Amino acid sequence: MSESGLPKLEVSDIIHALDSVCSSQVDTAGSTKPLLECITSGVLRGAVVMLGCDDSTVRDTEEYVALMKKLIENDIVLLAIGYPVTVAQNAGLLNPEAKDLCGAGLKRVCELAEIPPVLPLGGLENINNVITIAQALSADSGLAVPALPVVGCDAAGVSAQAVELGNAFTGLGVDTFIGIMPYEGALEDVIAASGLKDGAEAKHTVSSDLNELCGAMIADIEKKRASIAI
């Protein structure tokens with residue numbers, strides 16, 4: 001458990017689990033290369049890092065869970081930190097049985113690695129673990145972080161802490177998708193007031209429709225796959 005009391009896997013736990021899906025003859029154990037092999041082969045399409053404030057109550061839970069289920073159905077593994085861990089836990093998505101909700105590729109990875117499709121990283125105090133994973137994937141693949149089929153998402157709504165972390169993601173080069181509550185006025189004004197800022201190599205996409213946001217994340221991941229010819 002993390003300091004926030006949320007379920008938490010360490011980076012080393014995830015890497016150790018993924019070792020079970022690799023071939024000892026062709027892969028390097030103890031690294032992110034088994035995960036990269038799953039992604040480059042198309043078994044997994046990519047990953048979404050889902051973050052949010054631990055005590056968030058602004059987004060309808062069923063809508064949030066539907067977003068998660070749609071992503072794993074499309075063979076996208078989720079790394080949850082903060083409020084999304086609570087959402088996933090209450091919905092049973094941290095259980096091994098949740099593999100049956102996944103696409104064929106992610107289901108196979110979950111079975112071999114004995115992991116759920118949503119991997120909990122604890123509370124927001126553990127955000128550096130996300131950066132560690134992104135940098136490890138970059139080093140092991142030889143690709144810059146912006147080229148990786150990985151995106152960030154705060155579907156619960158804009159909060160000061162989530163904005164800070166979202167801006168850190170775009171600064172790192174990770175496109176980030178923000179689900180805001182219905183609003184009045186121009187979207188540009190809402191974004192400006194929130195403090196969201198695009199990075200040099202990544203941008204924010206904002207929508208009050210989580211189904212629309214989900215489609216945009218999947219499209220972004222597929223665009224990145226195409227750009228690196230995988």
Side-chain angles (χ1 to χ4, degrees), residues 11 14 32 35-36 39-40 44-54 56 58-59 67-68 71 76-84 119 121-181 183 186-210 212-230:
V11 174
I14 296 172
T32 64
L35 175 58
L36 287 165
I39 292 174
T40 57
L44 297 180
R45 305 309 293 174
V48 172
V49 179
M50 302 199 75
L51 62 90
C53 291
D54 296 6
S56 178
V58 297
R59 175 66 64 178
L67 169 65
M68 290 182 167
L71 290 170
I76 296 171
V77 66
L78 306 184
L79 302 176
I81 186 166
Y83 176 60
L119 301 174
L121 297 180
L124 291 176
E125 71 274 6
N126 301 294
I127 193 66
N128 283 339
N129 283 347
V130 175
I131 297 173
T132 297
I133 292 172
Q135 292 175 335
L137 285 168
S138 176
D140 288 340
S141 67
L143 296 169
V145 170
L148 297 170
V150 176
V151 303
C153 175
D154 173 18
V158 177
S159 66
Q161 189 173 20
V163 166
E164 180 182 355
L165 296 174
N167 287 342
F169 273 24
T170 55
L172 185 65
V174 177
D175 287 338
T176 303
F177 295 78
I178 307 293
I180 61 174
M181 299 304 289
Y183 55 88
L187 177 59
E188 293 78 9
D189 294 337
V190 174
I191 295 173
S194 72
L196 291 169
K197 298 178 182 179
D198 289 344
E201 299 181 88
K203 65 178 183 178
H204 286 97
T205 296
V206 177
S207 177
S208 59
D209 184 332
L210 292 195
E212 179 179 86
L213 201 71
C214 182
M217 283 190 277
I218 293 171
D220 189 87
I221 285 172
E222 292 300 332
K223 180 180 178 181
K224 289 184 176 183
R225 290 182 63 85
S227 68
I228 56 177
I230 60 172

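Numbers here are sequence positions counted from 1. Keep in mind that what you see is a predicted model, and the values were worked out from it rather than measured.
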| query | Considering only heavy atoms from C-beta outward, does the side chain of R225 approach that of I39 to under 4.5 Å? | reply |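 Touching, per the 4.5 Å side-chain cut-off.
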| message | Any non-hydrogen side-chain atom of L210 less than 4.5 Å from a side-chain atom of F177? | response |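 No. Closest side-chain heavy atoms not under 4.5 Å.
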| query | Which of these passes side-chain contact (heavy atoms from CB on, under 4.5 Å) with L36: D140, L143, I230? | reply | D140
Could you give the distance from [atom1] ([X]) to [atom2] ([Y]), rounded to the nearest 0.5 Å?
{"X": "I133", "Y": "N128", "atom1": "CD1", "atom2": "CG", "answer": "11.5 Å"}
{"X": "I127", "Y": "L121", "atom1": "CD1", "atom2": "CG", "answer": "8.5 Å"}
{"X": "I81", "Y": "D154", "atom1": "CD1", "atom2": "CG", "answer": "12.0 Å"}
{"X": "S194", "Y": "I178", "atom1": "OG", "atom2": "CD1", "answer": "8.0 Å"}
{"X": "L119", "Y": "L78", "atom1": "CG", "atom2": "CG", "answer": "8.0 Å"}
{"X": "T170", "Y": "L196", "atom1": "OG1", "atom2": "CG", "answer": "8.0 Å"}

Heavy-atom closest contact ([X] atom, [Y] atom, distance):
{"X": "A134", "Y": "L172", "result": "CB-CD2, 4.1 Å"}
{"X": "S138", "Y": "L148", "result": "N-CD1, 4.0 Å"}
{"X": "I228", "Y": "P149", "result": "CD1-CD, 4.4 Å"}
{"X": "G173", "Y": "A202", "result": "C-CB, 3.4 Å"}
{"X": "P84", "Y": "G52", "result": "CD-N, 3.6 Å"}

| A229: what forms a side-chain contact (heavy atoms from CB on, under 4.5 Å) with it, not counting sequence neighbours? | none
| said: Checking D198 now: which residues fulfil side-chain contact (heavy atoms from CB on, under 4.5 Å) with it, not counting sequence neighbours? | reply: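 So D198 forms a side-chain contact (heavy atoms from CB on, under 4.5 Å) with K203, H204.
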| task | Say whether, by atom type as modelled, one donor and one acceptor occur between the side chain of N167 and the main chain of G195 under 3.5 angstrom. | result | yes
| task | Give a yes or no answer on whether the side chain of D209 reaches the backbone of E212 with a donor-acceptor pair at less than 3.5 Å. | result | yes
Just list the side-chain donor-acceptor pairs under 3.5 Å for residues 213-224, sequence neighbours left out, or say none.
unit_1, atom_1, unit_2, atom_2, d
E222, OE1, R45, NH2, 2.8
E222, OE2, R45, NE, 2.9
K224, NZ, V150, O, 3.4

